[in-house]
A.B. asks: 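Take a look at the following structure, please.
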Amino acid sequence: MGSRPRRSVYVPQEIEPKWQKIWDEHGVMKASDSSPKPKYYDLVMYPYPSGDLTVGHARNYVMGDVLARMKRMQGFEVLHPFGWDAFGLPAENAAMKRGGGLHPRTWTRENVAKGTRELKMMGILYDWDREVTSCEPDYYRWTQWLFLLMLERGLAYRAMAPVNWCPVDKTVLANEQVINGRCWRHPDVEVEKRDLEQWFLKITDYADRLLDDLALLDKWPHKVRVMQTNWIGRSMGAEVDFPVAGMAGESIRIYTTRPDTLFGATFMVLAPEHPLVERMTTDKHRARVREYVEKARKETEIERMSMERDKTGVATGGFAINPVNGEKIPVWVADYVLVTYGTGAIMAVPAHDERDFEFARRYDLPIRQVIAPPTGPRGVLREAYVGPGVMVNSGEFNRLGSAAAVERICDWLEAKGAGKRAVKYRLRDWLISRQRYWGAPIPVVYCPTDGIVPVPKEQLPVELPEEYKPLAEIPSFWRTTCPKCGGEARRETDTMDTFIDSSWYFLRYASPHDDSEPFDSELANHWMPVDQYTGGVEHAILHLLYSRFFTKVLYDAGLISVIEPFMRLFNQGMVKRFGQVMSKSAGNGVSIDELAGAQGADAGRIYEMFIGPPEEDVEWSDAGLNGVVKFLQRAWRLVLEPESIAAESGELGATVDGQALRRKVAQTVGKITEHYDELRFNTAVAFLMELANTMQDYLRGGGARDRVWEEAVRTLVKLLNPLAPHACEEMWERMGEKGMLADAPWPAFDAALAAEPKVVLVVQVAGKLRDRLEVDAGLSQDEAVKAALASEKVRAALNGRGLSKVVYVPDRVINLVP
RNA sequence: GUCGGCGUGGCGGAAUGGCAGACGCGCCAGCCUUAGGAGCUGGUGCCCGAAAGGGCGUGGAGGUUCAAAUCCUCUCGCCGACACCA
């Protein structure tokens, strides 16, 4: 290589802007609604426009882009849209904190422009014509429309709810704004609990379907399905009425998942807020009970929920009758019973419930065992036994297994009218009111004559006023007339939780400019469901559960034909640097400008895919990035060295080396296609590196630059294209290929071509590796045994012993067991 | 506390019952070069050995299997979610 040929040098700064412009002009990622091709809906969770986009955040968008680009080349009509989750507290907080007093709208729009530019710099292609921004009136008009749909369907209602109230700001705070029981803006001010009328969505009506349909989501991460299952928290049990002693016709209804332990109930507990507390309490106990209830009410949610604190409670002095045995048991009040779950009252079975056990110990209440463990000592319990066992001390149910007893006792309760089977959920209705400016106004008015009146749909949107101030302080906003009677009325001044905005945006992408409805049903049915949904695991419950809920409501309303929105879900890991999640504000971010200006967006893209398993958090390293740059440069040289362009024609696979190269190319096509599809990008990059290495070895070994070589080069460029699209388009053009690479067909996998004629057969003797033999592929077991026994090493290991067993896995391993 | 996940070379990781360590980083030796944070060649799990070769090895201990990083049981460590839901 004395006199080097003049090389074309890879300069990403020149080619990246060039191709970004061309893609933009050609509308490469524009999705056609009327294409005859099969559709593929590739969606990434739309972000909050923080203005903080780094290469770390971009990782997830690169994943979506790689998939979109491959699916396009594979002949799919790909919908790959983008938008902005622009409403809500984060945007408002950021505007206040970092925007120097900017209006949230101004701040948001600036960040959207910035973010769009940065995404384009990374070479990520979206159908920008379909961009949605949740804070713009042409979007939130339909968010409001959907609220009205919920209202019509009886799924939106107003109710009193205890909320976090900041006495200084005179506003309700979101849970996220309460830090250690104090207001986030006034660290010295404790948040109060207030009962206020709030809007709720009845997601609990859908609890069963949300739970049962998780079974359809077999391509979701197991973890997310488990989390949603637990969040919904369905439990089966019974409601039982315990008559109150001395109060005819009055009873305490409890809920239990363990009706088999009914005979073990030695006392009862009411939540402090339970309506019967006051009436149960005898005069002697009144003062203490009132004091306790008062104290419990004052405590914040945070204090009350804080674990590892001793259970407290007071006796009411009242008694109730256990319906199964007529026993009179004392009724207590304690704050470990929650008024918001079940019936707000429990029967306490200290022998078989850890919490009741702890409480009974503390207040010296009786403990009666009614389930005998199948094994182990009986007698005095040192702790609650919560497992199954045999019924004891339970009258006619004695000697039954506890599982059978559950059914028998439920039957008994139902026959006697003392109780019934019941299902309860941990899931609560969704509180959507926010006393905040930056959200979609809830479109109702309060009329002294007509009560709550929805704003007529044709009057939507209820637009946010220009002035940035709590809506309740803007009379020009809330002073209005009743749509029904025309009289003076007051507008709702709360806005909606931002999770409402994101519960339907994936439908809006189907018809983003529709100005007569939230989405065109036909188009939504065409594109839905989302084939691949990619985003952070932090949304495992809220966003994903709410979106599933909305989808089911819209299905019931006949507006859409799918019951689940997202078929396949993927949670990508985060990019860290110096041990912390990369972000501009943390000062450890690598900006997209920096990257593009130095190693180039393509190197960054490949690196982000190569850096580690896509679902794991990964540590950014500049050294690792350099390795990828070298790979990219090597690929560039392989493809564009002058000799490879001036290829000779020749017979396909004329030489042994040529055949091997063809085989490697075919194998790589198979593996890359599969691994991109399964989002296993780190291994996909490794296979491409292997291919490049093989190609380089081929040339070094004197391989001809014939048609086999040309085909290898073309295939390498195509397979690499989704990862490094700028470099690959440029190579494609310089190779003299016609048309854009983005439009070129994806290479087809040829299994016959990929098959290895010779394989290395591993020979084990009694499970220990003794030799490796190169043999023809597809050997029969007899042939394999013969080949193995021909080996000196194998014979030595067998040491003259015969074979008692042979295990043969064709083309991989043969295990000879003496 | 409960549930879920993860523990593999100096490092990121690969292999989901069949050759442990693909691919890359780093490191070592050499080549090329005026130069190298460029390029090329070879090597690189650990231990014994001059070598041939042998032994050991996927947090730890057992087990299932012809065969285990992979499946099961227990255990240790780390991470995440939920957290009195009766």
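Each chain gets a letter, A, B and so on, in the order the sequences are listed, and its residues count up from 1. What you see is a predicted model; the values in this text were computed from it and never measured.
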A.B. asks: Please confirm whether the shortest side-chain N or O distance from Gln633(A) to OP1 or OP2 of A38(B) is below 4.0 Å.
C.D. replies: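 No, outside the criterion.
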A.B. asks: Quick one: does Thr266(A)'s side chain have a donor or acceptor within less than 3.5 Å of a partner on Ile367(A)'s backbone?
C.D. replies: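 Answer holds: no.
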A.B. asks: Rounded off to whole Å, could you give me the CG-to-C1' distance for the Leu769(A) and C56(B) pair?
C.D. replies: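 Those two atoms, CG and C1', are 15 Å apart.
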A.B. asks: Among the nucleotides A67(B), C23(B), A14(B), which one has an atom lying closest to any side-chain atom of Asn815(A)?
C.D. replies: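 The answer is A67(B), which lies nearest to the side chain.
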A.B. asks: Is a donor on one side and an acceptor on the other found under 3.5 Å between the side chain of Asp429(A) and the backbone of Thr204(A)?
C.D. replies: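 Here the side-chain-to-backbone pair exists.
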A.B. asks: Could you let me know what A20(B) is paired to, Watson-Crick or G-U wobble, both distances under 3.5 Å, or none if it's on its own?
C.D. replies: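 Paired with no nucleotide.
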A.B. asks: Any side-chain N or O of Lys223(A) below 4.0 angstrom from OP1/OP2 of G4(B)?
C.D. replies: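 No, because none of the side-chain N or O atoms of Lys223(A) sits under 4.0 Å from OP1 or OP2 of G4(B).
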A.B. asks: With a non-hydrogen cut-off below 4.0 angstrom, is Glu690(A) in contact with a base, only sugar-phosphate, or nothing?
C.D. replies: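 Here Glu690(A) touches the backbone only, sparing every base.
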A.B. asks: Answer with base, sugar-phosphate or nothing: what part of the nucleic acid does Val809(A) contact at a heavy-atom distance below 4.0 Å?
C.D. replies: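 Base contact.
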A.B. asks: Is the phosphate of A22(B), meaning OP1 or OP2, less than 4.0 Å from a side-chain N or O of Asn682(A)?
C.D. replies: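 For A22(B), OP1/OP2 do not have a side-chain N/O of Asn682(A) under 4.0 Å.
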A.B. asks: Want to settle it: does Ser621(A) or Tyr341(A) sit nearer the 5' end of RNA chain B, counting the closest nucleotide to each?
C.D. replies: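 Its nucleotide being nearer the 5' end, the pick is Ser621(A).
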A.B. asks: Among G18(B), A14(B), G12(B), which nucleotide has an atom closest to any side-chain atom of Val807(A)?
C.D. replies: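 My answer, after comparing the listed nucleotides, is G18(B).
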A.B. asks: Need the pair for A15(B). Rule: Watson-Crick or G-U wobble, both distances under 3.5 Å, any strand; none if unpaired.
C.D. replies: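 The base-pairing partner of A15(B), which may sit in any strand shown, does not exist here.
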A.B. asks: Just checking Arg426(A): base, sugar-phosphate only, or nothing, at a heavy-atom cut-off of under 4.0 Å?
C.D. replies: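 Touches a base.
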A.B. asks: Please determine if a side-chain N or O atom of Ser235(A) lies less than 4.0 Å away from the OP1 or OP2 oxygen of A86(B).
C.D. replies: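 It does, given that an N or O in the side chain of Ser235(A) lies less than 4.0 Å from OP1 or OP2 of A86(B).
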A.B. asks: Identify, between Met347(A) and Met689(A), the residue whose nearest nucleotide on RNA chain B lies closer to the 5' end.
C.D. replies: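 Nearer the 5' end of the strand: Met689(A).
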A.B. asks: Distance check, P atoms only: G9(B) and G5(B), in whole angstrom units.
C.D. replies: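 Going atom to atom, P in each nucleotide, I get 22 Å.
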A.B. asks: Test Asn230(A) against Arg426(A) for side chain to side chain donor-acceptor pair (under 3.5 Å), laying out the working first.
C.D. replies: CA-CA 8 Å; Asn230(A) 294 341; Arg426(A) 212 190 74 122; over 6 Å; no
A.B. asks: Does the side chain of Asp622(A) come under 3.5 Å of the side chain of Tyr607(A) through a donor N or O and an acceptor N or O?
C.D. replies: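 No donor-acceptor contact under 3.5 Å links the two side chains.
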A.B. asks: From CG of Leu632(A) over to P of G39(B), roughly how many Å is that when rounded to an integer?
C.D. replies: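 About 13 Å, once rounded to whole Å.
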A.B. asks: Base, sugar-phosphate alone, or nothing: which one does Arg234(A) contact when heavy atoms must sit under 4.0 Å apart?
C.D. replies: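 Touches nothing.
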A.B. asks: Below 4.0 angstrom, N of the basic side chain to O of the carboxylate: do Glu383(A) and Arg361(A) qualify?
C.D. replies: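 No, Glu383(A) and Arg361(A) are not salt-bridged.
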A.B. asks: Go through the steps to decide whether Arg795(A) and Glu792(A) satisfy the test salt bridge (charged side-chain N to carboxylate O under 4.0 Å, His left out), and finish with yes or no.
C.D. replies: CA-CA 5 Å; Arg795(A) 282 206 306 273; Glu792(A) 195 57 50; 2.9 Å; yes
A.B. asks: Do Thr683(A) and His675(A) have a side chain donor and acceptor closer than 3.5 Å?
C.D. replies: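 Short answer, yes.
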A.B. asks: Which value, in whole Å, describes the distance between the C1' atoms of nucleotides C82(B) and G10(B)?
C.D. replies: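 That atom pair is separated by 38 Å.
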A.B. asks: Ignoring backbone atoms, establish whether Arg700(A) has a side-chain N or O less than 4.0 Å from OP1 or OP2 of U41(B).
C.D. replies: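 Indeed, a polar side-chain atom of Arg700(A) lies that close.
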A.B. asks: Report which part of the nucleic acid Gly627(A) touches: base, sugar-phosphate, or nothing (heavy-atom distance under 4.0 Å, all strands).
C.D. replies: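 The residue Gly627(A) makes sugar-phosphate contact but no base contact.
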A.B. asks: Does Ile371(A) offer a backbone N or O that forms a donor-acceptor pair with the side chain of Gln369(A) under 3.5 Å?
C.D. replies: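 Yes, because the side chain of Gln369(A) sits within donor-acceptor range (under 3.5 Å) of the backbone of Ile371(A).
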A.B. asks: Take atom CZ of Phe681(A) and atom P of A14(B), then tell me their distance rounded to the nearest Å.
C.D. replies: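 My rounded result for the distance is 14 Å.
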A.B. asks: Using whole Å, report how far CD1 of Ile541(A) lies from P of A81(B).
C.D. replies: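 After rounding, the gap between these two atoms is 10 Å.
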A.B. asks: Provide the Watson-Crick or G-U wobble partner of G42(B), both distances under 3.5 Å; none if there is no partner.
C.D. replies: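 G42(B) is paired, partner C28(B).
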A.B. asks: The side chain of Arg634(A) lies closest to which of these nucleotides: C40(B), C66(B), A86(B)?
C.D. replies: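 Comparing C40(B), C66(B), A86(B) against the side chain of Arg634(A), the answer is C40(B).
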A.B. asks: Need the pair for G1(B). Rule: Watson-Crick or G-U wobble, both distances under 3.5 Å, any strand; none if unpaired.
C.D. replies: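 G1(B) is paired, partner C82(B).
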A.B. asks: Please name the nucleotide paired to G77(B) by Watson-Crick or G-U wobble geometry with both distances under 3.5 Å, or report none.
C.D. replies: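 Answer to the pairing question: C6(B), which forms a Watson-Crick or G-U pair with G77(B).
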A.B. asks: Any idea which of G4(B), C23(B), G18(B) is nearest the His222(A) side chain?
C.D. replies: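 The closest nucleotide is G4(B).
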A.B. asks: Side chain of Thr257(A) only, heavy atoms from C-beta on: which candidate in A86(B), G18(B), U41(B) is closest?
C.D. replies: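 Looking only at side-chain atoms, Thr257(A) lies closest to A86(B).
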A.B. asks: Think Lys630(A) has a side-chain N or O under 4.0 angstrom from the OP1 or OP2 of C25(B)?
C.D. replies: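 Yes, Lys630(A) has a side-chain N/O under 4.0 Å of OP1/OP2 on C25(B).
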A.B. asks: It should be established whether Arg680(A) places a side-chain nitrogen or oxygen under 4.0 Å from OP1 or OP2 of nucleotide A15(B).
C.D. replies: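 Looking at the OP1 and OP2 atoms of A15(B), one of them is under 4.0 Å from a side-chain N or O of Arg680(A).
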A.B. asks: Using atom C1' in both nucleotides, what's the gap between C46(B) and G62(B) to the nearest angstrom?
C.D. replies: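 The answer is 25 Å between these two C1' atoms.
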A.B. asks: Only pairs with both distances under 3.5 Å count, Watson-Crick or wobble alike; so what is the partner of U34(B) in this structure?
C.D. replies: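 In the structure as shown, U34(B) has no Watson-Crick or wobble partner.
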A.B. asks: Given that both distances must come in under 3.5 Å, which nucleotide forms a Watson-Crick or G-U wobble pair with G62(B)?
C.D. replies: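 C72(B) - that is the nucleotide pairing with G62(B), both distances being under 3.5 Å.
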A.B. asks: Provide the distance between the two P atoms, one in U73(B) and one in C6(B), to the nearest whole Å.
C.D. replies: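 Looking at atom P only, U73(B) and C6(B) are 14 Å apart.
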A.B. asks: Could you tell me the Watson-Crick or G-U partner of G49(B), where both distances fall under 3.5 Å? Say none if there is no partner.
C.D. replies: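 Its partner is none (no Watson-Crick or G-U wobble pair with both distances under 3.5 Å).
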